[in-house]
Amino acid sequence: MGNDFKGVNEIIPIRGFNYRQFAVADYHRDHPNQPILGTEMGSTVTTRGIYEKDSIHAYVPDQDIIAPWWASKAEDWWKLAAENDYWLGGFIWTGFDYRGEPTPYMWPNINSHFGVMDVCGFPKNIYYYYKSWWTNEDILHISPHWNWPEKLGKPIEVWVNTNADDVELYLNGKSLGKKTMPQNGHLQWLVIYEPGTLQAIAHKNGKELMTKVETTGQANLIVLSPDRETIKADGKDGTVFNVSFLDSDSKEVPDASNMINFTISGDAKIIGVGNGDPSSHEADKCVDGMWQRSAFNGKCQVIIQAGKTPGKITLEAKSNGLRSVPTWIESK
């Protein structure tokens with residue numbers, strides 16, 4: 001879209017742009033009294049829990065580094081919008097990954113990579129970038145995870161997303177340096193990998209924030225986490241159980257890929273399973289009487305629907321070699 005187009009541009013109260021964020025300044029120069037709205041912005045492509053481009057499995061890194069030719073990285077468009085008063089803001093494409101329109105890969109990839117969250121609603125790293133600058137919550141997030149036995153002694157790019165004033169990064173208690181947080185940006189360190197604990201300590205308005213990622217052992221325990229403890233016994237209401245994994249020291253395992261089988265008792269039924277993998281061809285529905293799903297980078301998910309008889313609903317997840325504890329909710 002060029003600025004030489006007249007007509008409707010001269011009478012509309014607000015001008016919307018899709019992706020052409022770098023053309024906005026020129027348009028504003030010619031229309032100084034017309035606010036700008038990003039009607040479709042971003043389209044950054046990321047895969048949750050992946051940190052190297054993998055064209056074989058159709059994955060892209062879970063960092064704000066890749067966008068299709070027509071789109072932009074999250075920081076590129078948001079810095080322009082945040083720092084110029086004539087921008088009203090913008091809508092990002094998209095909140096969630098979705099089936100179809102696989103980008104930047106084609107079949108056998110089965111869904112887009114555009115989401116701030118994957119199709120199950122599990123956050124990607126870009127989620128923490130937006131949350132840092134779009135909320136008043138204290139945000140401090142490190143990526144990637146710290147399970148890299150194949151990279152011993154090799155450099156790993158570490159990103160920190162936060163809305164704190166500064167961050168100091170530590171590996172196994174040794175400082176890797178303190179950095180000032182740039183407004184609407186992120187911080188990076190190049191860290192030589194060794195197993196242990198990668199910790200970030202930040203300060204925000206005089207308050208200390210802390211977070212860490214740790215090297216873990218193999219998955220030992222399956223953990224089921226329902227999004228609520230009570231649902232309606234109306235034959236329609238449902239809830240989501242997120243599935244994660246702990247090692248023998250109760251640390252969450254971020255790269256678990258175990259296959260899980262699910263069973264349910266009480267007046268309710270399983271209606272779907274997923275794991276957010278944009279290249280997974282596993283069934284979302286029951287196959288041969290079995291509900292099952294493999295974990296993708298430490299997560300998978302089950303959706304259940306209530307029947308019409310109130311009572312206890314128990315969901316159980318099992319996998320070879322792992323401990324599990326049945327989890328229950330109540331329908332009323």
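Along the sequence shown, the residues carry numbers beginning at 1.
Although no hydrogens or angles enter the test, the distance criterion places a donor-acceptor pair under 3.5 Å between the side chain of N172 and the main chain of T197. Between the side chain of T215 and the main chain of G196, a donor-acceptor pair closer than 3.5 Å is present. Between the side chain of S331 and the backbone N or O of G311, at least one donor-acceptor pair lies under 3.5 Å. Side-chain N or O atoms of R293 include one that pairs as donor or acceptor with a backbone N or O of E282 at under 3.5 Å. Although no hydrogens or angles enter the test, the distance criterion places no donor-acceptor pair under 3.5 Å between the side chain of N111 and the main chain of D97. Judged by distance alone, the side chain of K53 and the main-chain N or O of A58 form no donor-acceptor pair under 3.5 Å. In this structure a side-chain-to-backbone donor-acceptor pair under 3.5 Å is missing from Q199 to E214. In this structure, the side chain of N275 does not engage the main chain of C300 through any donor-acceptor pair within 3.5 Å. Distance alone, capped at 3.5 Å, places no donor-acceptor pair between the N109 side chain and the P102 backbone. Between the R15 side chain and the V24 main chain, no donor and acceptor come within less than 3.5 Å of each other.
Atom CD of E229 sits in a sparse spot, with 12 or fewer heavy atoms from other residues, nucleotides or ligands closer than 6.0 Å. More than 12 heavy atoms of other shown residues, nucleotides or ligands fall within 6.0 angstrom of atom OH in Y98. Heavy-atom contacts from other residues, nucleotides or ligands closer than 6.0 Å to NZ of K251 number more than 12. No more than 12 heavy-atom neighbours from other residues, nucleotides or ligands sit within 6.0 angstrom of CD on Q218.
The shortest distance between side-chain heavy atoms of N9 and H31 falls below 4.5 Å. The shortest distance between side-chain heavy atoms of W78 and I92 does not fall below 4.5 Å. Side-chain atoms of V191 and L171, non-hydrogen and from C-beta on, do get closer than 4.5 Å to each other. Counting heavy atoms from C-beta on, the side chains of K299 and S244 come closer than 4.5 Å. Taking the side chain as every heavy atom from C-beta outward, K179 and M181 never approach each other to under 4.5 Å. The shortest side-chain heavy-atom distance between T327 and P226 falls under the 4.5 Å cut-off. The side-chain heavy atoms of I313 and W328, taken from C-beta on, include no pair separated by under 4.5 Å. Annotation: side chain of Y51 is in contact with side chain of D62 (closest heavy-atom distance under 4.5 Å).
H113 and T47 share a donor-acceptor pair across their side chains, judged by distance under 3.5 Å alone. Side-chain contact annotation: N184 with Y129, donor-acceptor N/O pair under 3.5 Å absent. Residues Y19 and S43 bring a donor and an acceptor atom of their side chains to less than 3.5 Å of each other. E168 and S175 are linked by a side-chain donor-acceptor pair at a separation below 3.5 angstrom, with hydrogens and angles left out of the test. Using modelled atom types, one finds a donor on one side chain and an acceptor on the other under 3.5 Å when comparing H203 with D166. Residues T39 and N18 bring a donor and an acceptor atom of their side chains to less than 3.5 Å of each other. If you check the side chains of N163 and S132, you find no donor sitting under 3.5 Å from an acceptor.
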- Message: Please evaluate residues D26 and R20 with respect to the criterion salt bridge (Lys or Arg N to Asp or Glu O under 4.0 Å), reporting the C-alpha separation (whole Å), side-chain torsions for both, the decisive distance (0.1 Å), and the verdict.
- Response: CA-CA 11 Å; D26 289 341; R20 294 291 300 277; over 6 Å; no

- Message: Determine whether E316 and S324 satisfy the following criterion, side chain to side chain donor-acceptor pair (under 3.5 Å), listing intermediate values before the conclusion.
- Response: CA-CA 8 Å; E316 188 167 7; S324 62; 4.5 Å; no

- Derivation and outcome, salt bridge (Lys or Arg N to Asp or Glu O under 4.0 Å), residues K308 and D234: CA-CA 5 Å; K308 294 185 177 181; D234 60 2; over 6 Å; no

- Query: What's the verdict on salt bridge (Lys or Arg N to Asp or Glu O under 4.0 Å) for K73 and D64, showing C-alpha distance, side-chain angles and the deciding distance?
  - Reply: CA-CA 6 Å; K73 295 180 290 183; D64 186 18; over 6 Å; no

- Message: Under the criterion salt bridge (Lys or Arg N to Asp or Glu O under 4.0 Å), I'd like the reasoning laid out for E83 against K79: C-alpha separation, chi angles, the key distance, then a yes or no.
- Response: CA-CA 6 Å; E83 296 165 11; K79 282 183 177 179; over 6 Å; no

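Residue pairs meeting the ring pair (Phe, Tyr, Trp, His ring centres under 6.0 Å) criterion with at least one partner in residues 271-322, sequence neighbours excluded, are Y59-F296, W107-H281.
The side-chain contact (heavy atoms from CB on, under 4.5 Å) test applied to Q301 returns C120, F122, V240, N242, not counting sequence neighbours. Among residues two or more places apart in sequence or in another chain, the side-chain hydrogen bond (donor to acceptor under 3.5 Å, both in side chains) test is passed with T216 by N147.
Interatomic distance, T46 OG1 to Q63 CD, rounded to the nearest 0.5 Å: 9.0 Å. Rounded to the nearest 0.5 Å, atoms CD1 (I36) and CG (L80) are 12.0 Å apart. With rounding to the nearest 0.5 Å, the separation of OG in S257 from CZ in F245 is 8.5 Å. For the atom pair CG of D284 and CD1 of I271, the computed distance is 11.5 Å after rounding to the nearest 0.5 Å. Distance check, rounded to the nearest 0.5 Å: NE2 of H57 to OG of S280 gives 11.5 Å. With rounding to the nearest 0.5 Å, the separation of CD1 in I50 from CG in N125 is 11.5 Å.
Taking the six-membered ring for Trp and the full ring otherwise, the centers of F17 and Y27 sit less than 6.0 Å from each other.
Nearest heavy-atom pair across A233 and A306 is CA-CB, 4.5 Å. When all heavy atoms of L152 and P195 are compared, the pair lying nearest together is CD1-CD, 3.7 Å.
The aromatic rings of W134 and Y130 sit tilted, their planes meeting at an angle between 30° and 60°. A tilted orientation is assigned to the rings of W77 and W87, their planes being inclined by 30° to 60°.
With K151 as reference, E52 is the one residue of E52, E194, E157 to meet the salt bridge (Lys or Arg N to Asp or Glu O under 4.0 Å) rule.
Cluster annotation: I201 and V167 are assigned to distinct hydrophobic clusters (Ile/Leu/Val/Met/Phe/Trp/Tyr, side-chain heavy-atom contacts under 4.5 Å, transitive).
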